[in-house]
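First the structure, in the form of C-alpha cells, and then the observations on it.
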Amino acid sequence: MKKRILAGVLAAVLTLGTLPAVSVSAKIDLDNLPTPITSNEVRSFEKSKPKLKKDNGYYYDTLSWTAVDGALYYEVYRRKTEGGSYSKVGETLDLNFHCSSYGQGQYRVRAVTFTYDDKKKYSDYSNTIEYKEREVYEAAMGAPVEDDDIYYEADCEEVDDYDYEPAEAVSVGAPPMEADECPPNPEEPGAVYIGSDPNAEEYKHSDESGYKNPAISPLSTFSADVDTASYANIRRLINDGDKVPADAVRIEEMLNYFDYSYPKPEKSTFNINTELTDCPWNSGSQLLKVGIQGKDLIETPASNLVFLVDTSGSMGWEKEEKIDLAIKSIKTLSKTMTDEDRISIITYSGEERVILAGAKGTQVKTVSALTSLLEADGSTNGESGINAAYALAEKYFIEGGNNRIILMTDGDLNVGISSEEELTKLIEEKRKSGVYFTVLGFGKDNIKDNKMEALADNGNGSYHYIDTAREAYKVLSEERNSTLFTIAGDVKIQVEFNPANVKSYRLIGYDNRIMANEDFTDNTKDAGEVGAGQSVTALYEIIPADGKSKESLKYQENSGNAATSELLTIKVRYKNAETGKIQQVTEIVSKEDCSKTMSDGMKLACAAAEFGLTLKNSDYKGSSTAQSALKLAQSIENPDTYAKELISLIKKYIKNNA
C-alpha cells in the first residue's frame, strides 16, 4: 500500500513539472510550433531517434529523453526480461515518463508524428534504459518488518541496444487502479490532491424586467442572444437531483435552445416571424413571439479553428463530464472539417502549451491521437491561454474565412486575470483582431457560468454548456454552421409599442441584454452575433388597452385611423458579415394578428418560458407551474426530439420536487 501511495505522490509532483511540447508564459514561439510534417520531411524524421538518458535526479523512476524535430508525441515501450518482446506501455506529449507503475524492465522510446495527409510516422527507437527497484526497510532495529514498513527506491542504468521489434501495443496509459488504491491523503506531507467544492458554482444576477408603460417608455431595445448554455445546465442540475439556482435560469437561452421551424429568408439576411395569442399564465394578457430567422450559407468559408482547452486540475473532477467530454467535442467537430480548414490545439493550466498548430481539417487521426493524451492537472491561468490562442489564430488567419477560438473550460480561472470585469476588458480588446471567441462549458460543482458567459458575449461568440456527448453532437455537428459561421454582427432588436393599443408590456428574459434605446442606431455599440441559419426568439407579454396615442414617435405622427389597429413595430438592425454594411428589417404587428389557436412552435416557446418562470420563482410568473408547463408541452402535436426531452425534463423536475 505504501508503495502505491508514494508512487501516486511522485506521479502527481512529477506531472506538475513535466516538459510540454511547447511551453510559454506570455508569448508563444510562432516559429517553432508542433506542426505535421511534409512528405519531404518523412525520411529525415524516420531516421532520427530520441536519446534516452539515465536520470541522475532525486526520482529514479522517471525516464527522460531528448526531443526529436517534428515529433508530436512519444511512445514508451517496455520488456520485462532480456530476450523478450517489447510492448507499448504509454504515450506522452512530454519528454519524460514515470515508469514505476509498470515495474522493472528495459525501456525505450520512439517519436511519433503525422503528415499533412494524416498518415502516422515513427522515428527510430532510442537507446535502452533498464529500470530496477529495490526494497528499503524503515522498521526500527530489531523490530519485525511489516508490509507498511517497506517502500521502494528505483535506479536506472543504460544497457546495450538490441534490435528487437516491439510487439503490438498491449496497454496504453496507466494501469487501472486497484480497489485499495486511492488519491494521496491530503493530510500526508507533500501529497498533491485537489478536491471539489459543491457550493462553488457562480452565476451572474440580473434583475428581471418589469412591465413598461408605452406612453412613457414606448421603446424596448435589446441585443440578440443565441446562447443555449442555461438550458443545458438546468438539465444537468435537474438530472442530478440538484436545486436549480434562480440566477442559473436565463429564459431567453431556454427559448433559443429549440428549433421553431421559421421559414428561411430567400434574399435578405433576416426575416421576422411573429405570433400573437392569449397568455397561458396571465388572463387578460397576450403573448407575442418574435422570431428572427437568419439565412443559410450557400458556401461555407474555410475555417481557422483554435481549440483552447482548459487542462487545469478542476477539469479532472468528474472526468467523464469535463476533460473527456471536451476531448469528445473536439473529435466530433474535427470529423466535419475540410481540407481547406486549419486546426490548432492549445492547452492551459499553470502555463499554456501548443499541442498542434496549423493541421489540415481532414487530419482526423492526428487530432484524435493528440487529444486522447490530454490530462487535467495544475492551476488555471486563463489569461495566458487566451493570449496564446489569439496569437496562434492570427498566425493562421484566413482572409475572408472563419477565424475562431473555441474555449473549453469550467470557467474556474484562478491565476492571472480572473474576475469577470477583467476578463471582459481583455476579450473586448482582443476581438478587434477579427477572431471570434466561442465558449463551451463543462462540469459541475465549481463551474463559473458568469465568467464563461462574459467571455463569449464580449468575444463576438456564443456560449454553450456541454453536459453529454449528445449535446456536443447537437452543438458541433447538427448545428455546426450556426455555431461556427457568423452571418451578422451587432444584431439589435427594437420594438416600438403603440400606446393607443398597448397598456403595458414586458420582455421575458434578456435581462442582461437590455440596451439603451439610443444604442440601436449607434453603430459603435457592440451587440450579439447570429450564425448561419440561426434564429433568435423572444417573448413579450402584452396587456392591451384602448385610447389614443400621445407619444412623439411613429404612432403620434400617424393621424386619423392610419395606425389604430397597430400594436407595435419590430426593427432588427445588424452589420452584414460579408459586406460590413449596416442593414435593417422591419415588421408590423396589428390587433387582428391575434389568434386563439397556438401553433406547435408557440406551444413549445410558451412551455419553455413558463417552466423558466417557475424555476426562477419569478415575480411575474402569474399562474405558472411546472404542471401547467408540462400540459402545454404535451399538447404539441408533432414534437421533435428536443421537445420530447423538455417534456421528460419537466416530469423529472416535478418528481424530484414531489
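In this structure, CD1 in Ile272 is found 11.5 Å from OH in Tyr262, a value given to the nearest 0.5 Å. Rounding to the nearest 0.5 Å places OH of Tyr463 at 10.0 Å from CG of Leu455. Between Gln584 atom CD and Thr269 atom OG1 the span is 13.0 Å, to the nearest 0.5 Å. The structure places CG of Leu374 at 10.0 Å from CE of Met315, a figure rounded to the nearest 0.5 Å. If you take NZ on Lys212 and CG on Leu219, they are separated by 12.0 Å, rounding to the nearest 0.5 Å. Between the CG atom in Asp490 and the OG atom in Ser223 there is a gap of 8.0 Å [rounded to 0.5 Å].
Contact check for Thr424 versus Asp457: no side-chain heavy atoms found under the 4.5 Å cut-off. Using a 4.5 Å heavy-atom cutoff, the side chains of Glu253 and Thr228 are not in contact. In this structure, Leu305 and Leu333 have side chains that are in contact, with non-hydrogen atoms separated by less than 4.5 Å. Leu440 places a side-chain heavy atom less than 4.5 Å from the side chain of Phe442. By the 4.5 Å heavy-atom criterion applied to side chains, Asn387 and Leu426 are counted as neighbours.
Side-chain atoms of Arg506 come within 3.5 Å of backbone N or O of Ser209 as a donor-acceptor pair. A donor-acceptor contact shorter than 3.5 Å is absent between the side chain of Tyr540 and the backbone of Gln286. Counting only distance, with no hydrogens or angles, the side chain of Lys289 and the backbone of Met602 share no donor-acceptor pair below 3.5 Å. Checked by atom type and distance alone, the side chain of Asn402 never pairs as donor or acceptor with a backbone atom of Thr486 at under 3.5 Å. Judged by distance alone, the side chain of Ser628 and the main-chain N or O of Ser624 form no donor-acceptor pair under 3.5 Å. In this structure, the side chain of Thr274 does not engage the main chain of Val290 through any donor-acceptor pair within 3.5 Å. Judged by distance alone, with hydrogens and angles left aside, the side-chain atoms of Arg431 form a donor-acceptor pair with the main-chain N or O of Asn458 at under 3.5 Å. With hydrogens and angles disregarded, a donor-acceptor distance shorter than 3.5 Å links the side chain of Asn656 to the backbone of Ile238. Of the possible polar contacts, none joining the Lys430 side chain to the Glu428 backbone as a donor-acceptor pair under 3.5 Å is found. The main-chain N or O of Ile570 is never found under 3.5 Å from a side-chain atom of Gln494 such that the two would form a donor-acceptor pair.
Side-chain polar atoms of Asn239 and Arg236 form no donor-acceptor pair below 3.5 angstrom. In summary, the side chains of Tyr465 and Glu471 do not present any donor paired with an acceptor at a separation below 3.5 Å, with no hydrogens or angles considered. For the residue pair Lys335 / Ser477, no side-chain donor-acceptor distance below 3.5 Å is found, with atom types taken as modelled. Side-chain atoms of Thr521 and Arg573 form no donor-acceptor pair, as typed in the model, at a separation below 3.5 Å.
Atom NZ of Lys503 is surrounded by 12 or fewer heavy atoms from other residues, nucleotides or ligands within 6.0 Å. Within 6.0 Å of NZ on Lys603 lie more than 12 heavy atoms contributed by other residues, nucleotides or ligands.
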Side chain to side chain contact (heavy atoms under 4.5 Å, CB included) between Phe611 and Leu646, intermediate numbers included: CA-CA 10 Å; Phe611 189 38; Leu646 175 63; 4.2 Å; yes
Pair Glu208-Lys616, salt bridge (Lys or Arg N to Asp or Glu O under 4.0 Å): steps then yes or no: CA-CA 10 Å; Glu208 286 189 273; Lys616 286 183 76 73; 5.5 Å; no
Steps toward side chain to side chain contact (heavy atoms under 4.5 Å, CB included) verdict (Ile447, Tyr203): CA-CA 9 Å; Ile447 64 168; Tyr203 302 94; 3.6 Å; yes
Test log, rule side chain to side chain contact (heavy atoms under 4.5 Å, CB included), inputs Arg480 and Met337: CA-CA 10 Å; Arg480 174 182 182 274; Met337 307 296 284; 3.9 Å; yes
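A cation-pi arrangement, defined by a distance under 6.0 Å to the six-membered ring centre and an angle within 45 degrees of its axis, is present between Lys474 and Tyr257.
Classification of Arg250 and Glu453 as a salt-bridged pair holds, one side-chain N sitting under 4.0 Å from a carboxylate O.
In this structure, Tyr620 and Gly210 approach most closely via the heavy-atom pair OH-CA, 3.3 Å. Summarising the geometry of Leu308 relative to Ala389, their closest heavy-atom pair is CD2-CB, 3.9 Å, with the distance given to 0.1 Å. The shortest heavy-atom contact between Ser462 and Val226 is CB-CG2, 4.1 Å. Annotation for Tyr436 and Asn460: closest pair CD2-O, 2.9 Å, computed over non-hydrogen atoms. Summarising the geometry of Leu325 relative to Ala469, their closest heavy-atom pair is CD2-N, 3.5 Å, with the distance given to 0.1 Å. The two residues Ser312 and Ala376 have their closest heavy-atom pair at O-CB, 3.2 Å.
For the salt bridge (Lys or Arg N to Asp or Glu O under 4.0 Å) with Arg513, the qualifying choice from Asp225, Asp526, Asp519 is Asp225, the only one to do so.
By the 30° and 60° cut-offs, the orientation of the rings of Tyr231 relative to Phe258 is perpendicular.
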